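Okay, so here's the structure we're looking at.
Please read all numbers here as calculations on a predicted model, not as lab measurements.
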Amino acid sequence: MPSPAATPGPGANFLGALDAHIGKATDALLSYQQTDGHWVFELEADATIPSEYVLLVHHLGEEPNLELERKIGVYLRRIQGDHGGWPLFKDGEFNISASVKAYFALKMIGDDPEAPHMRRAREAILAHGGASHVNVFTRIQLALYGQVSWRAVPVMPAEIMLLPRWSPFTIWKVSYWARTTIVPLLVLQTLKPKARNPRGVTIDELFLEPPATVGPPEKAPHQSWSWFLLFRGIDAVLRVIDPLAPKGLRQRAIDAAVAFVRERLNGEDGIGAIYPPMANTVMMYDVLGFPADYPERAVARRAIEKLLIVKDDEAYCQPCVSPVWDTALSCHALMETGDDRAVERARAGLDWLKPRQVLDLKGDWAEIKPEVRPGGWAFQYANAHYPDLDDTAVVVMAMDRARQKGGEHGFDEAIDRGREWILGLQSKNGGWAAFDADNTYSYLNNIPFSDHGALLDPPTEDVAARCISMLAQLGETPQSSPPMAHALDYLRRLQLPDGSWYGRWGMNYIYGTWSVLCALNAAGLGRDDPAVRKAADWLIRIQNVDGGWGEDGSSYKLEYQGYEPAPSTASQTAWALLSLMAAGEVDHPSVARGVAWLAQTQNAEGLWDEERYTATGFPRVFYLRYHGYRKFFPLWAMARYRNLKRANDRRVAFGM
C-alpha cells in the first residue's frame, strides 16, 4: 500500500475553514435531538433479525401485516450480497446461517423460489454445503418449523434451571445475553413446539441430504477437540435420559424458567432489551398455552414491535435500541465543540440521562458481587437488571465534564454512585467486562450449543480502558488507586506485538487502540511511554492513502495475522484521530491528513455517509451498524483537533 505521506496536508487557512465544518456538523447533530433531550439513532444488524421477525409472526400464526412484510422483503433483497447469499456486514463474505434465514423469510413473504435473486441464493447456499451447515440458533429455528428434527439441535433440558450454583454449567455462568436467551429457549427445547406456519412454507430445496437425517452440529473452529468430545458425550447421554425425566421435576424446572422471565420481563422494553430473548419469551408463553392477550405475553410481543424501523420504501427489525449510548456520546461531541448552544443542549441530554441510572435494583451482576450497591446505566431506555460498565463510564465522564465546565454539582451523586458500581465490578485479572465480573468460564464455549463462541462476557481491553478513563478523569492516578494500577497492568499485558489492542465492541483494533490510548493519556502516561509510542506508530502505519482509516469484520478471524487494509470510514477515522491526539501526536502530518479527509467527505447535511459496519455484537457472528456513529464521532474529532491546535497545551484533558 502506498505511503500515506503521498497525501498532502491541509493548507494554512484550514483551521479557519474547519470552524464552518464543525458548525455544520453541530447543527446537524442538534437537529436529531428529541424534544425531551435525548438522542436515539437506528441500530442495524444483518439479515438475521428481520428474517427472524417474519418467521416469528408465522410461527405464532398471526395475521401478517402484508405491507410490512413487503417492506422487509425490499430490505432483504437490497442487502443480498454479490455472492448470492447474505453477509454479516456490508461487502462481507457469504454467511450460511444468515442466508438460509433470509431465503426462508423471503419465501415466507411470497417470493417465487425461481425468481433470479432466490435462485442465486439457493445456488450459493447449496454450493456452501447446504442448510445442514447452519449454526445452532438457526438449527433451532428450523427445528421449530419442522425442517430438521430436534436431533440436529444440542440437548438443553429445562432442568438446567435447577442446577446448583457450583455446577460446571448453570445459567449464572454465562453472559447476560446468553442467559436471557437460553432460559425461555429451555422451555421451547423441552416441549418442542411446531410453528403454525399457515402458509405451509418449507425449504427442503436448501439441503443436499434429506433434512430429517441432519445430525448434531459439528465442532466449531474455536472449540478444542477434547472439550468438545466430552460435551458431545454428555449430550448423547442427555438424549437418552431426557424422555425419562420425572414429570414433577420437569414442571418445577419449567416453572423456574417462567419465574425467571417474569421477574425480568421489563415491560415494553423487553426481557434483556434485546430481540432474541424477547422472541423466545413470546414463543415460550405460546407453547405453554397462554393466549395472545395474556398480559405478560402481550407486553413481550409489543416490545418486539418497538424494534421495527419502518420507512417509506423498506423496513427492518433492530436487535435492540441504543438511546443511552447515543445520548452520552452526542453530549461528549457537543461539549467538545465549546459552542454555548451545543453545550446547553448537551446539558439537556445529561438531564435526560440522570434519572435513568439504576439505583434501586440489584441485577444479575449481583449474583457474583452481592455486596456492591447498584449505580449503573443500561444501554437501552430501560434494562434495570442489566446495566453495563461501558455506558456507565461514558455517562459519568460526560456528567463530570459538564460539572467541570459549569461548576455546578447536580450530577455529584450520580457520578459517585456510577464510580462506586464500576469499582465494585472489576474482575480479578484487573479488567472489566461489559455486564458482569469474572465471567471467564472459557470451557463453556466448547459445549455444542456454543458454536458461536459468544457464551461468555469476559473482561475486554476496550471496556477496561473506558473504566480507567473514567477513574482518571475523576482524579485518580495509578499511584493513588490500586484498581487503576491493576487495570493498567492488564492493558499492558494485552497489547499486541504490532502495538494495537483488540476491540470487542467496536471494529476492531482501531477501536480498541482508541479506547486504550485515551485511558493511558488520562492516567498520565506521556507520548514517550513505550506502549503509547508503539500504538501511535501502528495507527500512523495503517492510515489509508486517502487520509482516512478503515477496518472490517474480517479482522476478527481466528487466524488473524495483523491489520488488513479496508476502505476508510468516518467513525473509524475519528477514532484513529482521537487516538493519535491522546498519544500526543496533534501536530503529526497523519492527523492533519485525517482531519482533511473528514472535511472533504462531509456531506451536504453536515454529516458523513457511512454504509460500512464499524461495530460488533459478537465477533465472527454478529456485527452492528450504529447510524449515530457517523453523526457524532467525526464532529468530536474535528472539534478536538481545532481546539488543541489553538491551545497552548496540546494535552487531551478528558478521559475520552
Side-chain angles (χ1 to χ4, degrees), residues 165-166 168-180 358 362-379 383 385-397 417-445 450 453-474 476-478 480-496 501-506 511-512 515-516 518-520 522-523 531 616 618-619 655:
R165 294 288 196 272
W166 50 261
F169 177 77
T170 76
I171 61 169
W172 305 108
K173 283 187 165 71
V174 299
S175 63
Y176 118 74
W177 57 83
R179 188 180 313 130
T180 52
V358 182
K362 287 192 173 185
D364 287 7
W365 52 267
E367 289 291 323
I368 302 299
K369 297 285 188 175
E371 74 286 358
V372 177
R373 289 199 301 172
W377 278 265
F379 182 75
N383 195 12
H385 279 84
Y386 305 107
D388 74 273
L389 284 296
D390 212 355
D391 275 273
T392 301
V394 172
V395 172
V396 166
M397 283 188 278
R417 286 291 294 273
R419 173 186 173 278
E420 178 185 337
W421 185 69
I422 282 178
L423 282 173
L425 263 74
Q426 187 173 23
S427 289
K428 294 173 184 175
N429 65 4
W432 280 271
F435 298 92
D436 285 302
D438 299 309
N439 189 239
T440 53
Y441 306 97
S442 57
Y443 63 89
L444 290 178
N445 274 327
S450 186
L455 204 62
L456 306 174
D457 178 25
T460 60
E461 297 89 319
D462 44 356
V463 180
R466 205 88 66 230
C467 295
I468 291 171
S469 288
M470 182 208 71
L471 294 173
Q473 187 174 307
L474 295 180
E476 299 195 20
T477 67
S480 67
S481 171
M484 184 191 290
H486 192 23
L488 287 169
D489 287 342
Y490 166 83
L491 291 181
R492 285 191 183 278
R493 292 196 305 271
L494 293 177
Q495 187 175 24
L496 295 179
W501 280 272
Y502 175 77
R504 164 63 180 84
W505 296 100
Y511 182 89
S515 303
V516 175
C518 287
L520 298 185
T616 312
F618 308 115

Note to self: Counting C-beta onward and ignoring hydrogens, is there a side-chain heavy-atom pair between D388 and V463 closer than 4.5 Å?
What the structure shows: no
Check: Nearest 0.5 Å, what's the NZ-CG distance between K369 and D364?
Finding: 16.0 Å
Next item on the list: State whether the side chain of Q495 and the backbone N or O of A531 hold a donor-acceptor pair below 3.5 Å, judged by distance alone.
Entry: yes
Next item on the list: May I ask you to decide if L456's main-chain N or O and K173's side chain share a donor-acceptor pair within less than 3.5 Å?
Entry: no
Next item on the list: Specify the closest pair of heavy atoms between A519 and A465, including all atoms of both residues, with the distance to one decimal.
Entry: CB-O, 3.3 Å
Check: Can you tell me how far the NE2 atom of H486 sits from the CG atom of L491, to the nearest 0.5 Å?
Finding: 11.5 Å
Notebook entry, point to check: Which residues satisfy the ring-ring contact (aromatic ring centres under 6.0 Å, His included) test with Y176, sequence neighbours excluded?
Noted result: Y386, F435
Item checked: Non-hydrogen atoms of G655 and A522 that approach each other most closely -> CA-CB, 4.0 Å
Notebook entry, point to check: Quick check: does any side chain N or O of N445 sit under 3.5 Å from a backbone N or O of L455, one acting as donor and the other as acceptor?
Noted result: yes
Next item on the list: Mind listing the closest non-hydrogen atom pair of Y490 and A464 along with its distance?
Entry: CE2-CB, 3.6 Å
Item checked: P478 to L488 - nearest heavy-atom pair and separation -> CG-CD1, 3.4 Å
Note to self: Give me the atom names and distance for the closest heavy-atom approach of W505 to A434.
What the structure shows: CZ2-CB, 3.6 Å
Next item on the list: Would you give the length of the straight line joining atom CZ of R179 to atom CD of E367, rounded to the nearest 0.5 angstrom?
Entry: 7.5 Å
Next item on the list: Could I get the full list of ring-ring contact (aromatic ring centres under 6.0 Å, His included) partners for Y441, not counting sequence neighbours?
Entry: none
Notebook entry, point to check: Looking at CD1 of I368 and CG of L425, how far apart are the two atoms once the value is rounded to the nearest 0.5 Å?
Noted result: 10.0 Å
Item checked: Side-chain touch L474/V396, heavy atoms, less than 4.5 angstrom -> yes
Check: Which side-chain hydrogen bond (donor to acceptor under 3.5 Å, both in side chains) pairs, counting each pair once, include a residue from residues 458-472, with sequence neighbours left out?
Finding: D390-R466, T460-D462, R466-Y511, R466-S515
Notebook entry, point to check: What pairs of residues pass the side-chain hydrogen bond (donor to acceptor under 3.5 Å, both in side chains) test when at least one of them lies in residues 419-440, not counting sequence neighbours?
Noted result: R373-E420, R419-E476
Notebook entry, point to check: Excluding sequence neighbours, so at least two apart, what forms side-chain contact (heavy atoms from CB on, under 4.5 Å) with A366?
Noted result: K362
Check: Counting N and O atoms only, with roles assigned by atom type, does the side chain of S175 sit under 3.5 Å from a partner on the main chain of A178, one being a donor and the other an acceptor?
Finding: yes
Notebook entry, point to check: With sequence neighbours excluded, what pairs up with F618 under the ring-ring contact (aromatic ring centres under 6.0 Å, His included) test?
Noted result: W177
Notebook entry, point to check: In Å and rounded to the nearest 0.5 Å, what is the CD to CD1 distance from Q473 to I468?
Noted result: 14.0 Å
Margin query: Just verifying a value: how many Å separate M484 CE and C467 SG, rounded to the nearest 0.5 Å?
Written below: 11.0 Å
